[in-house]
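Worksheet: one structure, shown below.
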2 protein chains.
Amino acid sequence: MTTTTRGFATIQQRDLVNQIADMLTEALLKGDFAPGAHLAEAQLARDFGVSRAPVREAARLLESRGMLVSQPRRGFFVRTFNAAELVDVYDLRLCLERHAIRSLAGRLTGEMETALNGQLDTMRRVAREGTAVQQIEEDVAFHRMLCEFSGNQRLVRVFDELCHEMRFCILLIGQLYDDPMRVADTHEPIIEALRTQDPEACEAALNYHIGVAQQRVVEMFREREQE
Amino acid sequence: MTTTTRGFATIQQRDLVNQIADMLTEALLKGDFAPGAHLAEAQLARDFGVSRAPVREAARLLESRGMLVSQPRRGFFVRTFNAAELVDVYDLRLCLERHAIRSLAGRLTGEMETALNGQLDTMRRVAREGTAVQQIEEDVAFHRMLCEFSGNQRLVRVFDELCHEMRFCILLIGQLYDDPMRVADTHEPIIEALRTQDPEACEAALNYHIGVAQQRVVEMFREREQE
DNA sequence: CGACTGTCGAGTGTCGACAGTTTGAAATTT
DNA sequence: AAATTTCAAACTGTCGACACTCGACAGTCG
């Protein structure tokens with residue numbers, strides 16, 4: 001939230017599209033719509049008390065985020081995942097973060113290390129007293145930092161897109177896949193590897209970390225799939 | 001209503017959004033719009049002989065492909081690149097292809113090798129008798145194959161997005177950056193490295209190949225920027 | 001002379017409506 | 001009873017219209 005010189009909050013009359021997109025996102029993450037369900041524009045427009053135009057644009061936005069899919073003349077549907085797609089998402093995530101951490105090894109500044117350690121503290125705090133959603137969010141934030149520190153903003157953008165899908169998947173499963181405090185702890189080796197300045201060690205730590213996460217999520221997802 | 005102020009051909013009543021998106025893409029690649037130029041919905045709608053709704057959707061599509069950017073209440077503008085963004089694009093491309101080739105080393109099938117060699121032949125053919133656009137297209141197709149062979153479809157999707165931007169940049173420069181036949185030849189070492197089944201060799205070949213391309217493109221772009 | 005204000009045109013955000021298509025179920029046939 | 005056809009309701013794609021916002025320019029006041 002930016003402020004003006006006088007300290008007023010900037011008035012950003014967030015247009016309808018973004019508001020609707022946020023509401024839809026929330027509803028989707030809460031599981032209000034079944035996977036694969038059809039979203040009727042007119043119905044949503046009535047629900048939100050607006051016309052179909054902004055609903056349509058919001059839906060396209062969620063489509064670009066991979067949470068909805070559209071079929072010509074049939075409309076929008078809640079995105080469904082299969083295990084293979086989930087594997088791909090985590091594999092791509094590994095691809096991105098490995099590239100980031102690799103370019104990072106050897107030029108990690110003190111500031112960066114402080115930021116990462118601070119994020120680790122935050123993760124441990126929400127592991128104790130936060131909600132599941134917060135825990136996921138802080139976990140994502142840690143990995144996002146790695147991407148940001150790579151200096152490649154285009155890479156960060158792809159990471160963000162991936163995150164939408166990961167969030168969606170994880171909340172689709174309906175429960176966290178591990179003890180949040182232990183999850184936080186498993187980020188420690190990554191920082192340590194970065195400190196050694198050894199690219200190989202960094203890659204190994206990340207490989208392991210993401211590999212474990214992928215395995216757990218996919219496993220839980222496969223269990224869910226049996227219904 | 002056959003001709004328009006900008007001279008676009010008229011379109012049929014099918015799939016308006018995609019047709020408009022294609023025509024806009026073509027116009028953008030041809031350089032009909034200056035970088036940073038404002039695209040007025042109403043004007044385009046008149047030009048195409050349709051209403052603003054499909055134009056708007058097509059513009060959003062191009063926005064998601066990184067060819068346009070939008071500002072609230074101000075509309076769509078032709079995306080501008082700076083050298084740093086171009087560096088990021090090529091860096092991310094290296095990230096993707098390195099991941100692909102790495103997972104490919106050691107499980108390259110005969111079919112894959114045949115396909116790659118076939119593509120190389122195609123590249124050499126269009127280097128002799130094709131247009132610049134074709135040459136770029138076949139070059140992209142080779143690298144896309146590498147991504148496809150990784151088996152990660154999500155990765156291919158990101159690669160495709162990146163390609164839109166690369167195409168746009170390259171054609172923005174207005175000329176090819178190297179002798180097309182030599183460009184084709186530089187793909188040979190990649191296939192050779194894959195044949196050795198050695199991940200390190202594959203990575204090295206790719207690093208070199210993309211590094212050279214990046215350097216050339218960015219260099220030419222910087223020259224252009226001086227105006 | 002400089003800064004502020006009012007006005008005007010251009011353009012986006014949103015709306016309600018219409019036409020053609022898809023869907024699901026009733027109606028009919030086998 | 002199962003399969004097929006028919007048909008109406010629901011829905012999407014597209015359109016034209018209106019209100020509000022933004023930027024430019026000229027005019028006003030100190």
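The basis for the numbers below is simple: all heavy atoms, side chains too, and nothing from hydrogens, waters or symmetry mates. Throughout, protein chains are lettered first and strands after them, A, B, ... in sequence-line order, and every chain is numbered starting at 1.
- Comparing the axis of the opening five pairs of the helix from C:dC1-D:dG30 to C:dT30-D:dA1 with that of the closing five pairs yields an angle of 20°, rounded to 10°.
- Residues of residues 50-66 of chain A that place a heavy atom closer than 4.0 Å to DNA chain C, in numerical order, are A:Val50, A:Ser51, A:Arg52, A:Ala53, A:Pro54.
- Across all non-hydrogen atoms, the minimal contact from B:Gly36 to B:Phe77 is O-CD2, 3.6 Å.
- Residue B:His38 has its side chain nearest to C:dT12 when only C:dT22, D:dC11, C:dT12 are considered.
- Within the 4.0 angstrom heavy-atom criterion, only backbone atoms of the sugar-phosphate kind lie near A:Leu39; the bases stay farther away.
- Annotation for B:Glu129: atom CD counts as buried by contact number, over 12 foreign heavy atoms lying within 6.0 Å.
- Partners of A:Asn117 according to the side chain to side chain donor-acceptor pair (under 3.5 Å) rule, which considers only residues two or more places apart in sequence or in another chain, do not exist here.
- Within a 6.0 Å radius of CD in B:Glu26, no more than 12 heavy atoms belonging to other residues, nucleotides or ligands are found.
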Q.
Is there a ring pair (Phe, Tyr, Trp, His ring centres under 6.0 Å) between B:His99 and A:His99? Walk through the geometry before answering.
A. CA-CA 9 Å; B:His99 192 77; A:His99 191 76; over 10 Å; no
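- Between the C1' atom of C:dG20 and the CG atom of B:Leu16 lies a distance of 13 Å, rounded to the nearest Å.
- Considering every non-hydrogen atom in both A:Val69 and A:Arg79, the closest pair reads CG1-CD, 4.0 Å.
- Between the C1' atom of C:dG13 and the CG atom of A:Asp15 lies a distance of 8 Å, rounded to the nearest Å.
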